[in-house]
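Structure, as structure tokens:
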There are 4 protein chains.
Amino acid sequence: MDDAAFNTESVAADQLKAFIERIERLEEEKAGIAGDIKDVYAEAKGNGFDTKVLRKIISLRKRDYAERQEEEAILELYMQALGMPI
Amino acid sequence: MDDAAFNTESVAADQLKAFIERIERLEEEKAGIAGDIKDVYAEAKGNGFDTKVLRKIISLRKRDYAERQEEEAILELYMQALGMPI
Amino acid sequence: MDDAAFNTESVAADQLKAFIERIERLEEEKAGIAGDIKDVYAEAKGNGFDTKVLRKIISLRKRDYAERQEEEAILELYMQALGMPI
Amino acid sequence: MDDAAFNTESVAADQLKAFIERIERLEEEKAGIAGDIKDVYAEAKGNGFDTKVLRKIISLRKRDYAERQEEEAILELYMQALGMPI
DNA sequence: AACGCATAAGTAAGAC
DNA sequence: GTCTTACTTATGCGTT
């Protein structure tokens with residue numbers, strides 16, 4: 001292997017390492033925040049709140065209101081088709 | 001409703017709001033970091049790296065780490081099963 | 001090791017193997033059925049049904065109706081506390 | 001609503017019902033098998049085996065199998081990345 | 001009876 | 001644009 005090829009490979013390997021380290025660092029941060037969220041839910045539970053309902057509220061707020069309405073409409077349509085009570 | 005009950009409810013509602021806001025704030029941060037990760041993959045791709053392979057490497061390294069931790073856990077489990085002190 | 005101890009261990013090892021094989025056999029069956037379910041969803045999709053809604057219907061039917069009502073009541077209560085539209 | 005539309009809807013509703021019933025039937029079977037697995041663990045426990053260790057063994061054997069398959073996948077991935085025929 | 005864990009369901013992103 | 005795959009969320013189960 002000549003020097004040029006060797007250098008090219010080295011650079012690529014270094015770059016690869018750098019990308020991997022950046023990603024792994026970010027994933028750690030993400031995991032840390034996920035842990036924080038878990039802690040807040042635990043704290044809320046300790047204060048008497050139902051975490052299941054809490055999670056539902058969070059997800060409802062996240063979801064666009066209009067979309068939620070539309071989904072419910074489709075669901076009702078299907079439920080009617082099946083003769084289920086709405 | 002007497003004042004005491006009213007106040008209790010108010011406090012609960014305020015607490016609930018506070019918990020929700022804390023969680024939503026953290027979820028935003030988490031989503032931000034997820035976006036950063038996505039960007040790094042895109043940058044790597046722009047530098048000629050195959051993101052599929054990159055993701056594979058990341059997941060393998062993560063799994064290797066998890067496995068090492070699990071090995072410890074299995075060892076402890078077996079030692080407990082055999083009545084050995086840990 | 002005397003014969004009695006040897007036999008005791010053999011029996012235990014045989015029993016262990018037998019339990020493991022029974023469980024693994026059952027898990028295979030379970031995975032097979034899970035695959036069948038997936039296939040039915042795919043077939044439904046091919047006939048123009050929205051699998052997301054389909055899954056929702058299934059889960060709603062599974063859930064006890066009374067429980068669902070109660071959960072909704074709690075949810076509404078919380079949503080009112082937050083000033084969210086119901 | 002004219003007859004054609006009505007018939008179309010009827011057919012769709014019947015189809016929907018049929019899909020739902022098929023899925024629910026399969027889910028019942030699946031739940032039955034899950035129950036059987038639970039029973040085997042209970043029986044093993046009654047015979048003096050530690051279910052936690054048992055579950056660990058099962059999951060390790062499952063993982064080993066999955067890993068062997070993944071090794072193949074990684075190999076193919078790298079061969080593709082190197083432009084080698086599979 | 002409450003807690004954490006492990007599996008299962010649902011959702012969203014990425015590849016072909 | 002569809003289809004799979006990976007991640008996130010949720011439920012249920014066993015344990016303390």
Side-chain angles (χ1 to χ4, degrees), chain A residues 23 26-27 30-31 33-35 37-39 41-46 48-60 62-64 67 71, chain B residues 23 26-27 30-31 33-35 37-39 41-42 44-45 50-60 62-63 66 70 73 77 80, chain C residues 23 26-27 30-31 33-35 37-39 41-43 45-46 48 50-60 62-64 67-68 71, chain D residues 23 26-27 30-31 33-35 37-42 44-45 50-60 62-63 66 69-70 73-74 76-77 80-81:
Chain A
I23 291 167
L26 288 168
E27 298 236 329
K30 190 154 74 90
I33 293 173
I37 292 171
K38 213 177 133 189
D39 292 343
Y41 276 114
E43 193 186 334
K45 188 176 188 173
F49 293 100
D50 181 333
T51 56
K52 191 176 169 182
V53 176
L54 216 44
R55 285 174 190 278
K56 199 74 191 173
I57 293 170
I58 300 282
S59 79
L60 280 176
K62 199 186 291 181
R63 186 181 303 190
D64 184 61
E67 179 189 318
E71 203 172 272
Chain B
I23 291 166
L26 288 167
E27 297 236 329
K30 189 155 74 88
I33 293 173
I37 292 171
K38 212 176 133 189
D39 292 344
Y41 275 113
K45 190 175 189 174
D50 180 333
T51 57
K52 195 174 169 183
V53 175
L54 214 44
R55 282 175 191 279
K56 202 73 189 175
I57 292 169
I58 299 282
S59 79
L60 280 177
K62 197 188 291 180
R63 206 186 60 186
E70 191 171 28
L77 197 61
Q80 278 179 340
Chain C
I23 291 166
L26 288 167
E27 298 238 330
K30 190 153 73 88
I33 293 173
I37 292 171
K38 210 177 135 190
D39 292 345
Y41 276 113
E43 192 186 335
K45 187 176 189 174
D50 180 333
T51 56
K52 190 178 169 181
V53 175
L54 215 44
R55 284 174 191 279
K56 200 74 192 171
I57 292 170
I58 299 282
S59 78
L60 280 176
K62 199 186 291 180
R63 184 180 305 192
D64 185 60
E67 178 190 319
R68 181 180 145 212
E71 201 171 274
Chain D
I23 291 166
L26 288 167
E27 298 236 328
K30 189 155 75 89
I33 292 172
I37 292 171
K38 212 177 130 186
D39 292 344
V40 177
Y41 276 113
K45 190 175 188 171
D50 181 334
T51 56
K52 196 172 168 186
V53 174
L54 214 45
R55 282 176 193 279
K56 203 76 190 173
I57 293 169
I58 299 283
S59 80
L60 281 176
K62 199 188 289 183
R63 205 186 59 185
Q69 287 195 317
E70 190 172 28
I74 294 165
E76 283 190 11
L77 197 61
Q80 278 178 339

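Since the model is a prediction, treat every value here as computed from it, not as a measurement.
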Atom pairs, protein N/O to nucleotides 12-14 of chain E N/O, distance under 3.5 Å:
| residue | atom | partner | partner atom | Å |
| --- | --- | --- | --- | --- |
| E:dG14 | OP1 | B:Arg55 | NH2 | 3.3 |

Upstream residue (5' side of DNA chain E) when B:Asp50 and C:Lys62 are each assigned their closest nucleotide: C:Lys62
Calculate the interatomic distance between A:Phe49 atom CZ and E:dA2 atom C1'; express it in whole Å. 19 Å
Inspect the contact between C:Glu71 and A:Lys52 and indicate whether a charged nitrogen and a carboxylate oxygen are less than 4.0 angstrom apart. yes
Could you check how far CG of A:Leu54 sits from C1' of F:dT9, rounded to whole Å? 14 Å
Return the value, rounded to whole Å, for the distance between atom NZ of A:Lys30 and atom C1' of F:dT9. 13 Å
Is the shortest distance from a Lys or Arg side-chain nitrogen in A:Lys62 or B:Glu27 to a carboxylate oxygen in the other one below 4.0 Å? yes
Reading DNA chain E from 5' onward, which residue's closest nucleotide shows up sooner: A:Arg63 or B:Lys45? A:Arg63
Can you see which heavy atom on D:Thr51 is nearest to which on D:Tyr41, and at what distance? CG2-O, 3.5 Å
Specify the residue among A:Tyr41 and B:Ser59 whose closest nucleotide of DNA chain F lies further upstream toward the 5′ end. B:Ser59
Would you say the side chain of B:Arg63 lies within less than 4.5 Å of the side chain of D:Arg63, judging by non-hydrogen atoms? no
Hey, does A:Phe49 have a side-chain heavy atom less than 4.5 Å from the side chain of A:Ile57? no
Rounded to whole Å, please give me the gap between CD1 in C:Ile58 and C1' in E:dG10. 14 Å
Shortest non-hydrogen contact from B:Leu26 toward A:Ile33: O-CG2, 3.4 Å
Length of the CD-C1' vector between A:Glu71 and E:dT11, whole Å: 11 Å
Whole angstrom value for the distance that separates P of F:dC7 from CG of A:Leu26: 15 Å
Out of curiosity, A:Ile23 CD1 to A:Lys30 NZ, how far, rounded to the nearest 0.5 Å? 12.0 Å
Could you state the CG-P distance from C:Leu60 to E:dA9, rounded to the nearest angstrom? 15 Å
What's A:Lys56 touching, base or sugar-phosphate or nothing? Going by heavy atoms closer than 4.0 Å. nothing
For A:Glu27 and F:dA6, give me the distance from atom CD to atom C1', rounded to whole Å. 11 Å
